[in-house]
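Contents: one structure, followed by commentary.
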Amino acid sequence: MKQMGYFSGSGNKVVFGCFFLMALVLFVWLVVPSGGHGGLWMFWGWGVWLGIAAWRKERRDPTPVRPDLGLAGGLILAALTVAGLAAWHEGTGSLSVSWTMFLWWEGFCAWRGSRRLAWRLLLPGLVLTVLVVSQETFYWLLSYPMSRAGTLLAVELMNLSGFSAVGRGTMIYIGSETIAVTTACSGVELLEAMLILGWAIVARTKLPLWLQGLLYGIMLPVIVVLNAVRLSVVTLCYALGGIRAFDEPLHSVFGFAMLLAVIGITGGLGTWFRMLRTPDQKEPPK
């Protein structure tokens with residue numbers, strides 16, 4: 001038993017050492033050259049923070065574990081498959097590179113550490129290898145769908161409010177005015193911030209893991225709906241008052257109010273979930 005614990009402990013040190021080395025390489029290779037562009041700094045910092053949290057949690061867990069060679073072999077085989085498909089279909093870009101890196105990383109965690117360690121470093125590895133390496137893919141996958149959803153909901157809200165609005169693609173037509181719902185208006189940038197802030201809020205609820213995942217997943221539809229409300233207000237202000245609706249600080253105030261609303265709703269739902277999970281106090285025996 002002592003030998004098993006020692007092997008697991010030394011393996012964990014190697015895995016965490018490699019994790020922080022990978023974070024340093026990505027910082028020098030991608031984050032610094034970006035000059036703070038987009039959410040690379042936020043994603044990188046979030047990934048490192050999650051890695052530190054996993055390291056502290058692993059140190060507090062004395063249960064010895066063995067490497068899972070079967071899981072490691074399956075993940076490495078999956079990584080080779082993704083790399084092979086990427087080489088066969090040219091032009092897949094950083095998306096295939098990032099997922100290959102992620103699968104290799106998880107396989108390494110299971111081989112040199114354990115299945116438990118692979119699970120604990122799954123989210124930190126996903127953030128560093130996918131969201132940092134291929135951030136343009138993150139935008140590409142979410143920007144247009146969120147812009148389109150925001151457009152449709154905003155048009156419906158304005159029509160319900162008595163204003164005649166029409167949506168085509170990501171364009172809103174109200175009277176003689178036209179509003180283009182661009183990436184900056186899609187809510188993707190807010191989603192970037194809430195991926196980090198929301199995780200901090202969810203982690204503090206002390207809920208079971210599946211409830212934390214449910215609460216975390218609720219953020220996306222909340223952001224889409226609130227972003228549609230913001231688009232409706234901005235569009236109506238533009239139709240009634242002209243280009244001043246996009247001037248500062250008014251435009252930033254709308255975005256900041258939306259951020260506070262998302263934080264408030266997420267925190268409120270977390271409190272409600274925790275109250276539902278609180279067992280009723282039993283009456284003392286007579």
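Here the structure is a predicted model, which means the values were calculated and not measured.
The shortest heavy-atom contact between R148 and R168 is NH1-C, 4.2 Å. Counting all heavy atoms, side chain and backbone alike, R66 lies closest to S114 at O-CB, 3.5 Å. The heavy-atom pair separating V224 from A149 by the smallest distance is CG1-CB, 3.8 Å. Here the closest non-hydrogen pair linking P221 and G217 is CD-O, 3.3 Å. For the residue pair L121 and A54, the shortest heavy atom distance occurs at CD2-CB, 3.9 Å. Heavy-atom minimum distance, L215 versus T266: CD1-O, 3.8 Å.
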Output, in order, the C-alpha distance, side-chain angles, deciding distance and verdict of side-chain contact (heavy atoms from CB on, under 4.5 Å) for W119 and L71. CA-CA 11 Å; W119 169 251; L71 177 61; over 6 Å; no
Intermediate values then yes/no, side-chain contact (heavy atoms from CB on, under 4.5 Å), W111 and I76: CA-CA 10 Å; W111 167 65; I76 293 174; 5.5 Å; no
Take L21 and F16 through the test side-chain contact (heavy atoms from CB on, under 4.5 Å) and record every step on the way to the result. CA-CA 8 Å; L21 178 62; F16 279 107; over 6 Å; no
So T129 and M22, side-chain contact (heavy atoms from CB on, under 4.5 Å) or not? Walk me through it. CA-CA 9 Å; T129 60; M22 177 177 65; 3.9 Å; yes
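Looking at heavy atoms from C-beta onward, L26 lies out of side-chain contact with V31 at the 4.5 angstrom threshold.
In this structure, CZ on R112 lies 11.5 Å from NZ on K13, to the nearest 0.5 angstrom. Rounding to the nearest 0.5 angstrom, the gap separating the CG atom in L103 from the OG1 atom in T81 is 9.0 Å. Between M158 atom CE and L153 atom CG the span is 10.5 Å, to the nearest 0.5 Å. Taken from CE in M101 to CG in L128, the straight-line distance is 8.5 Å, to the nearest 0.5 Å. From R120, atom CZ reaches atom CD of E58 across 4.5 Å, with rounding to the nearest 0.5 Å. Atom CG of L214 sits about 4.5 Å away from atom CD1 of I218, to the nearest 0.5 Å.
Grouping the Ile, Leu, Val, Met, Phe, Trp and Tyr side chains by contacts below 4.5 angstrom, directly or via other members, places V229 apart from L152. Cluster membership for F19 and V28, using ILVMFWY side-chain heavy atoms within less than 4.5 angstrom, is shared. When hydrophobic clusters are built by joining Ile, Leu, Val, Met, Phe, Trp and Tyr residues whose side-chain heavy atoms come closer than 4.5 Å, directly or via intermediates, I263 is grouped together with W272. V25 and L50 sit in two unconnected hydrophobic clusters of ILVMFWY residues. Membership requires side-chain heavy atoms under 4.5 Å apart, directly or through other members. F20 is connected to V32 through a chain of hydrophobic side-chain contacts under 4.5 Å among Ile, Leu, Val, Met, Phe, Trp and Tyr, so both are in one cluster.
Although no hydrogens or angles enter the test, the distance criterion places a donor-acceptor pair under 3.5 Å between the side chain of S232 and the main chain of A154. Looking only at distances, no side-chain donor or acceptor of N12 sits under 3.5 Å from a matching main-chain atom of G113.
For the side chain to side chain donor-acceptor pair (under 3.5 Å) test, residues two or more places apart in sequence or in another chain that qualify with R115 are D68.
A ring-centre distance under 6.0 Å is not found for W105 and F102.
Between W44 and F27, the ring planes are tilted. Angles from 30° to 60° get that label.
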